[in-house]
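The structure appears right after this line, and notes come after that.
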Protein chains: 2
Amino acid sequence: MLVKERDDNQEVKTKEQQILAAAEQEFLTKGYDGARTTAIAKVAGVTHAMLHYYFRTKEQLFERIVDEKFATMSRSMFAIMGDPKLPIVERIIGGVATHFDFVAENPLLPRFIINEIVARPERYEVFYKRAGVVIETMYRDLQLEIDLAAERGEMEKVDVKMLFISIMSMNVFTFVAYPFMEPLMGELMSDRARFLSQRKAENIETILRRIKKQ
Amino acid sequence: MLVKERDDNQEVKTKEQQILAAAEQEFLTKGYDGARTTAIAKVAGVTHAMLHYYFRTKEQLFERIVDEKFATMSRSMFAIMGDPKLPIVERIIGGVATHFDFVAENPLLPRFIINEIVARPERYEVFYKRAGVVIETMYRDLQLEIDLAAERGEMEKVDVKMLFISIMSMNVFTFVAYPFMEPLMGELMSDRARFLSQRKAENIETILRRIKKQ
DNA sequence: TATTTGTTTAACAATTTTGTTAGCACAAAA
DNA sequence: TTTTGTGCTAACAAAATTGTTAAACAAATA
């Protein structure tokens, strides 16, 4: 009985899915150390024995979440690459916007990933082995395109990696530091949606000015 | 016997100081949940009963560290304000540089603070109450100065708060995301000191272009 | 020297958290 | 109808972690 149905034929989550959903919430907000399997079970609405029945250990449940989160984060980073069909400047600006939206949809992700990597770097060597090569190639291609555009006088000659770090900095910080900044910024951040749209425009403007020929 | 001395008359840390030093390291790297009082005691070279003798609870020991860290972070933020005697553009650029150096000296601080605030926001209402007012006044003054300079055509008219967020974003991200980025960036980040100096220049350049009149 | 005060340790206690197990209930298969 | 397997619960077990205490010891003080 993998998919449960109610009388009215609406699909309902299986217990396993309920546990996964609760675990995602708990791990993303509190991290591995702060998360409690009993709390996860409670939120999921099952006994904690149930949790161990399905996932055996906290560690294994955590891995399920971590794997998915790393995959999501990889996709978000590739979003910065932008649409290869566009001219380079629009491509970069489109990349900033797409990346911003990606992080906006997963605002808890960056802090979670960074904390994880600091806590147990060894664990993610596999991830880096695969990602490193892919990224290096994509960087080379993009750098080539930028250098050509720069020679044509269409933009400033910049280092792709540095540019990427700047883009990630501004987009990620917006969400990671939100809880810290919000009470300090008064009016500006009181309306979250409004602030985010302003911030997105600001990040785009900042990057645009960085790559514009002066 | 508050200050211990050795035969050779060199000063040695008291047990209390040893515990505090070890606790700072443990809490900054692992956070409250990940930290273990036994591990702190071990690093400090004392029994864990000793730790409880001096600080009674993990909570109280943590508060000692947290208070100091929040003070340090406040100072780092005021660094962005720059030197009021300088012309506004130099003042801002100087602020970026000083803030960068500040974070460089406390690379573990931002992640620690953010994690703390996410974990228990209530606890820091006091901090925000005090900081909020001070910051609001300083913002107003700076914004005034910027608006005047903009009217004189010396710089672009920008929102101070947005500018501050951009500055913090780029400077803080450099250090917070370092462990995550380093294995992805190959050559660029293999020499930490070299990378940091390049990154500092890049952050300054980015902010400079943001406020330059076009 | 005797007394007091503060420091240290070892052993223990309490609590929290994770993980296990025996067995019940129920549905599908034989 | 019996059997088999799965989902599930309650109660228990184990481990890790924090916190306490009594007593030994050392240092300062009267």
For atom [atom1] of [X] and atom [atom2] of [N], their distance in whole Å:
X: I40(A); N: dT16(C); atom1: CD1; atom2: P; answer: 18 Å
X: F55(B); N: dT7(C); atom1: CZ; atom2: P; answer: 12 Å
X: Y54(A); N: dT20(C); atom1: OH; atom2: P; answer: 17 Å
X: Q60(A); N: dT18(C); atom1: CD; atom2: P; answer: 15 Å
X: L51(A); N: dC8(D); atom1: CG; atom2: P; answer: 13 Å

Contacts of type side chain to side chain contact (heavy atoms under 4.5 Å, CB included), residue Y53(A), not counting sequence neighbours: M50(A)

Residue list, side chain to side chain contact (heavy atoms under 4.5 Å, CB included) with V43(B), at least two apart or on another chain: A22(B)

Under-4.0 Å salt bridge between E63(A) and K58(A):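 No, no charged N to carboxylate O under 4.0 Å.
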
Smallest separation among heavy atoms of D83(B) and R91(B), with atom names: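 That closest heavy-atom pairing would be O-CG, 3.4 Å.
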
For the student: nearest non-hydrogen atoms of H99(A) and S76(A), plus distance: CD2-O, 3.2 Å

Polar contact flag, side-chain donor to acceptor under 3.5 angstrom, E116(B)-Y124(B):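 Yes - a donor-acceptor pair under 3.5 Å links their side chains.
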
Base versus backbone protein contacts along nucleotides 9-24 of chain D [heavy-atom cut-off under 4.0 Å; B, S, -]: BB------SBBB----

